[in-house]
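Okay, structure first, notes after.
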Amino acid sequence: MKMKKLVSTPRFQRSFRKFTRRNLSLQQKIENTLIQLADDAFSANLATHKLDGKLIGTLACSCGYDCRILFQFDLDEETAEEVILLLDVGTHDEVY
């Protein structure tokens with residue numbers, strides 16, 4: 001299976017910088033999780049799950065005890081391939 005392309009939103013980039021500034025060891029953990037997400041978004045150790053309420057249509061995966069990545073599947077209009085749109089990263093309380 002081909003790895004999916006990851007596309008990060010400005011919000012994700014801001015959250016990533018802010019979140020990893022507080023805890024530098026998290027940066028490598030998040031980067032490893034993103035590689036795994038691109039390879040298989042539904043890998044068991046990511047604990048990927050659908051969200052509801054105001055976040056319906058969004059998925060979340062875990063990258064450690066209190067770290068979540070919010071994302072959606074989207075279509076790249078140029079290549080017509082499915083990509084993973086990275087929406088946010090942070091603690092459980094920050095992203096939900």
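Just so it is clear, the structure is predicted and the values come from calculations on it, not from any experiment.
Residue Leu85 shares its hydrophobic cluster (ILVMFWY side chains chained together at separations under 4.5 Å) with Val7, Leu51, Leu55, Leu70, Val83, Leu87, Val95, Tyr96. The hydrophobic cluster containing Leu37 also includes Leu6, Phe12, Phe16, Phe19, Leu26, Ile30, Leu34, Phe42, Leu46, Leu59, Ile69, Phe71, Phe73, Ile84, Leu86, Val89, under a criterion of side-chain heavy atoms closer than 4.5 Å among ILVMFWY residues, counted directly or through chains of members.
Among residues two or more places apart in sequence or in another chain, the salt bridge (charged side-chain N to carboxylate O under 4.0 Å, His left out) test is passed with Asp74 by none. Judged as a side-chain hydrogen bond (donor to acceptor under 3.5 Å, both in side chains), and not counting sequence neighbours, the contacts of Arg11 are Asp88.
Residue pairs meeting the salt bridge (Lys or Arg N to Asp or Glu O under 4.0 Å) criterion with at least one member in residues 45-68, sequence neighbours excluded, do not occur. Sorted by first and then second residue, the pairs that involve residues 25-35 and meet side chain to side chain donor-acceptor pair (under 3.5 Å), not counting sequence neighbours, are Asn23-Ser25, Gln27-Glu31, Gln28-Asn32.
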| task | Evaluate the criterion side-chain hydrogen bond (donor to acceptor under 3.5 Å, both in side chains) for residue pair Asn45 and Ser43; output intermediate values, then yes/no. | result | CA-CA 6 Å; Asn45 58 334; Ser43 174; 2.7 Å; yes
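In this structure, Ser8 OG and Arg14 CZ are separated by 11.5 Å, a value rounded to the nearest 0.5 Å. The NZ atom of Lys18 lies 5.5 Å from the CD atom of Glu94; values are rounded to the nearest 0.5 Å.
You'll find the side chain of Lys4 stays beyond 4.5 Å of the side chain of Asp39, heavy atoms only. Using a 4.5 Å cut-off on side-chain heavy atoms (C-beta onward), Glu82 and Lys5 make no contact.
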